[in-house]
Amino acid sequence: MSKSVERCETRKSRRNCCKGLPSRMTNDDGNGARAGRGEAAPAEGDREHSSELTGFYRLPIAQRRMMIAELADLSEEDLRVISGESCLCAEQADNMVENALGVTSLPLALCVNLQVNGRDCLVPMAVEEASVVAAASHAAKLLRAGGGLETIVSPAHMIGQIQVLEVEDAGRAEAALLAAKPELLAAANTRDACLVGVGGGARDLEVRHLPPEGPDDPCGPMLVVHLIVDVRDAMGANTVNSMCELLAPRVEELTGGRVRLRIISNLADRRTVVVRGRVPFAALEGKGGKSAEELARGIEEASVFAERDPYRAATHNKGIMNGVDAVLVAFGQDWRAVEAGAHSFAARSGRYTALARWRVREGALHGEMELPMTVGVVGGVTGVHPTVQACRRLSHVTRAAELASLAAAVGLAQNLGALRALAAEGIQEGHMRVHARNLAVSVGAVGHEVKAVAKRIADQGRIQVEAAREALQEIRAKSVVVSDAARIRARFKSLRQSHLKSIMSLCDGVVREAGLDGTSLAKMCDYHMDTGGKRLRALLPLLVGEALGVEPARLVPFGAACEMLHNATLVHDDVQDVDRMRRGRETVWHRFGIPQAINLGDAMFYLTLLLVHRLDSPLARRDAVARLVLRETLRVIEGQERELHLKRVARPSLDEYFSMVEAKTSGLFALPMAGAAALCGQPRNVVEGLNEAARHMGVLFQIQDDLLDLYGDKGRETIGADIAEGKRSILVCHALQTASASDARRLREILDRAREETSPSDVAEALEIFRATEALPRALREIAERRDRALHLDVLLEQPTLQSVVEGMCDLFLEPIQTVIARTEAEGGNGSRHLLKPRASSNLPPS
């Protein structure tokens, strides 16, 4: 069965198993109706799903998104937003706040298993604290066993305060205000006709007396007018503040006092949510190594502790707000206002106490909580923030009361999760087990390694950086990792067998996609690509991705892009180097002409970018990789220019040679390696570390290529073709810098001679100059140094799997000249006449 068919069947299966389960939570109408069971069924066309997603956290993140998209009927744009690919942009941020610099991000997670008012709910949570979502989801499952959570949402009544000072007769002023109540309410409602039109508006007016606190109080008695406003589905701050401003002059007239502040109160004790739930003892069996009733009693005792002691209550309530705030942030709410109101509400009796309380009765653990909940689904950021809009669609939230219910339900579940952990194994063990995952990531664990390292150090009770590093090294030591050329070759062989056909098929397909099918460009492209090659650049991204725990198939389009770019440079190289043969076939320029070869190379640069756009990756990552392709393409072109420039320099230095190679050759290794890391979501230090490693690897590769031309088999028609071409290799640059003036002059004469005039004796003479200046040992020392520098970058020392890839690639590059290395080392590094003789050949340079 194909993967696409498997996905289709999986979706069908999931739809079938979800049938009959309601999705959309209908809440009150904003007028205090109970949000309980027995509501009307979801409207026709609503999606049906269960929020009980067993093992959801074990799925890869991409699979989680696919599942949620299916369950919640999300669009592709919603998925792009949720994934972070298409979210709030800097321009939008600049319109939202002063002095904007950009945007920041928080992990967006999903609370699962939640059932509220008889309906299954998937609730997004934006939070960085590791244990919050896990605790809430687990507790939601416990509460689900007791029938889920029920909520009662009060009317959306907010309080606006008008402060009145210097009132001579407070009693008379109060009477005047109350007598004018109808007038004042009517005036307030002229401020927002739209709100009144949907059933909201000013509902009541109250007067409070605030005497001085003591002899040191700088203010005399004051009156405070409370304007009670039903704000319906809005948070209400702007409307309430505007109404208070409007009434201020009339309040001054009625009281004879001086109005000072006119502002909303965040102690929204008229706009609350009551949430209740129960956990049967049976659901607590086997939790924490205690009996169910013992665990329930432990939770009850922890609750009473918080109810009696404000020091404990602060932490108890913080746990509740961990859940509430995470929901509110995901939905773009003013979580600071809700937080302030909640803590004020907890102290309304004059003593700060627990917001939630738990009691054991009738064979179950019962929990209840009431807290103010100032939320809105109209106005403010809710209408412009793409992530907020996607979260609302995911949860099917259309009313403020629905959102209030979800936030309160998650808050109570979060509280239960924390208390259960405290009463069972202790909160620290649970927290530290989650913290262990962060430590695993910090030491370089990737993919399946993260959970393995976290479990090991948590089981050992050593949740420390050093322990995580040791565990990672042990895990990797036991796994099959690439550590030498033989294993790299084996992995390349395996990847070639499984993915190269797809890579080359994409290369063919992009030609058709570009509308070139049947043209001479397509014919030449096919001809050139058929010359074969090791396909290192095509397979290297897959190898790096595999080392990072990513399925290699995901990087196939990028491998195709790297291969296309590499071959574009080869087509142009052959023109500039006047090479007539490549791997036993005529080069493109020699077969089709120089103009056509230039056209083909240009076209292949653009085909590379088309392949990048076929990547199934977040837009931000695709853009980053596209920029990397452009940067490395320019580097290669710059390297080509530097190579031509070296021919015009009398005595080019090794630094000039290295700068040329690091541009021309290293870039084509940096792209597949650093680009693959970027596509795999690796942090910047890893991407840049691989880029730096590739810089050294490129030099190493080019030096061995320089040596191969003289001492190995480069697949060309003659030996010493680089000398006939006049190429400034490391051997040439070293010799020109260190040879006598006469030898340097003679070497330049040989190099600058017309290619067809260069004879085998000229090549032999150049080799003699290389021997006299010990150019070969210098080149081999540079190889050793570059290999060492590539392998000992800090980021690679922390990621042995990546280090093993770099090590294996270096050794693979050096395999063709191992005989040269061995003989030179055996002779003390000085080389020998026997070694420095060109390999046997009777061919002359091409005429």
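For the pair His645 (side chain) and Glu641 (backbone), a donor-acceptor distance under 3.5 Å is absent. Checked by atom type and distance alone, the side chain of Ser505 never pairs as donor or acceptor with a backbone atom of Lys501 at under 3.5 Å. Judged by distance alone, with hydrogens and angles left aside, the side-chain atoms of Gln803 form a donor-acceptor pair with the main-chain N or O of Leu791 at under 3.5 Å.
Proximity of Met673 to Met809: side-chain heavy atoms (C-beta onward) are nowhere separated by under 4.5 Å. Within the 4.5 Å cutoff, no side-chain heavy atoms of Tyr657 are placed close to those of Val732. Taking the side chain as every heavy atom from C-beta outward, Leu548 and Gln799 approach each other to under 4.5 Å. Residues Phe605 and His572 are in side-chain contact: their nearest non-hydrogen atoms beyond the backbone lie under 4.5 Å apart. At least one side-chain heavy atom of Leu570 sits less than 4.5 Å from a side-chain heavy atom of His528. Looking only at side-chain heavy atoms (C-beta outward), Leu707 and Leu776 come within less than 4.5 Å of each other. For the pair Thr773/Asp743, no side-chain contact is recorded, criterion being any heavy-atom separation below 4.5 Å from C-beta on. Ile783 places a side-chain heavy atom less than 4.5 Å from the side chain of Ile817.
Remark: Lys727 engages Asp706 in a salt bridge, criterion side-chain N to carboxylate O under 4.0 Å. Comment: Glu692 engages Arg695 in a salt bridge, judged by a side-chain N to carboxylate O separation of less than 4.0 angstrom. For Glu643 and Lys664, the salt-bridge test passes: some basic side-chain N is under 4.0 Å from an acidic carboxylate O. Here Glu785 does not pair with Arg781 in a salt bridge; the nearest charged N to carboxylate O distance is not below 4.0 Å. Look at Glu782 and Arg778 and you find a salt bridge, because one of the NZ, NE, NH1 or NH2 atoms lies within 4.0 Å of a carboxylate O, short of that distance. A salt bridge between Arg491 and Glu546 is present, with a side-chain N of the basic residue lying under 4.0 Å from a carboxylate O of the acidic one.
Seen from the ring of Phe701, Arg537 counts as a face-on cation partner, given the 6.0 Å and 45° thresholds. Taking the ring axis of Phe658 as reference, the NZ or CZ atom of Arg786 stays within 45° of it and closer than 6.0 Å to the ring centre.
Annotation: Lys647, atom NZ; neighbour count of heavy atoms from other residues, nucleotides and ligands within 6.0 Å is above 12. Counting heavy-atom neighbours within 6.0 Å of Arg554 CZ, excluding the residue itself, gives a total of 12 or less. Atom CG of Asp794 sits in a sparse spot, with 12 or fewer heavy atoms from other residues, nucleotides or ligands closer than 6.0 Å.
Annotation: the span from Leu671 atom CG to Ser666 atom OG amounts to 12.5 Å, rounded to 0.5 Å. Once rounded to the nearest 0.5 Å, the distance linking OG of Ser502 with CG of Leu542 reads 9.5 Å. If you take OG1 on Thr569 and NE2 on His566, they are separated by 5.5 Å, rounding to the nearest 0.5 Å. With rounding to the nearest 0.5 angstrom, the CG atom of Leu536 is 11.5 Å from the CG atom of Leu668. Between Met564 atom CE and Leu611 atom CG the span is 5.5 Å, to the nearest 0.5 Å. With values rounded to the nearest 0.5 angstrom, Ser653 atom OG is found 8.0 Å from Leu646 atom CG.
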Can you give the donor-acceptor pairs under 3.5 Å from side chains of residues 511-518 to other protein atoms, not counting sequence neighbours?
| from | atom 1 | to | atom 2 | distance (Å) |
| --- | --- | --- | --- | --- |
| Glu513 | OE1 | Arg614 | NH1 | 3.2 |

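The two residues Val661 and Gly698 make their nearest non-hydrogen contact at CG1-O, 3.7 Å. Taking each heavy atom of Ala670 and Arg635 in turn, the nearest pair found is CB-NH1, 4.4 Å. Summarising the geometry of Asp579 relative to Trp589, their closest heavy-atom pair is O-NE1, 2.6 Å, with the distance given to 0.1 Å. Of all non-hydrogen atoms in Met604 and Val571, the two that sit nearest each other are SD-CG2, 4.2 Å. Pairing each heavy atom of Glu563 with each of Met529, the nearest pair is CG-CE, 4.2 Å. Counting all heavy atoms, side chain and backbone alike, Asn691 lies closest to Arg631 at OD1-NH2, 3.6 Å.
Ring geometry for Tyr527 against Phe592 counts as perpendicular: the plane angle is over 60°, on a 0 to 90° scale with 30° as the lower cut.
Results of the side chain to side chain contact (heavy atoms under 4.5 Å, CB included) test with Leu609 over Leu565, Thr633, Leu630 single out Leu630 as the only residue that passes. Just one residue in the list Arg591, Arg585, Arg582 forms a salt bridge (Lys or Arg N to Asp or Glu O under 4.0 Å) with Asp574, and that residue is Arg582. Checking Arg728, Arg746, Arg648 one by one against Asp752, the salt bridge (Lys or Arg N to Asp or Glu O under 4.0 Å) holds for a single residue, Arg728.
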Practice problem: Mind running side chain to side chain contact (heavy atoms under 4.5 Å, CB included) on Glu656 and Arg642 for me, showing each step along the way? | Solution: CA-CA 8 Å; Glu656 289 177 298; Arg642 285 177 180 270; over 6 Å; no
Quiz item: side chain to side chain contact (heavy atoms under 4.5 Å, CB included) between Gln640 and Leu644: does it pass, once the steps are laid out?
Solution: CA-CA 6 Å; Gln640 282 290 101; Leu644 296 174; 5.8 Å; no
Quiz prompt | side chain to side chain contact (heavy atoms under 4.5 Å, CB included) evaluation trace for Asp811 with Arg787 | solution = CA-CA 9 Å; Asp811 293 344; Arg787 183 181 185 278; 2.9 Å; yes
Quiz item: Hey, mind stepping through Val699 and Arg789 against side chain to side chain contact (heavy atoms under 4.5 Å, CB included) and telling me if it holds?
Solution: CA-CA 11 Å; Val699 175; Arg789 289 162 71 182; over 6 Å; no
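Looking only at atom types and distance, the side chain of Asp762 has a donor-acceptor partner in the side chain of Ser759 under 3.5 Å away. With hydrogens and angles left out, the side-chain atoms of Ser742 and Arg745 include no donor and acceptor closer than 3.5 Å.
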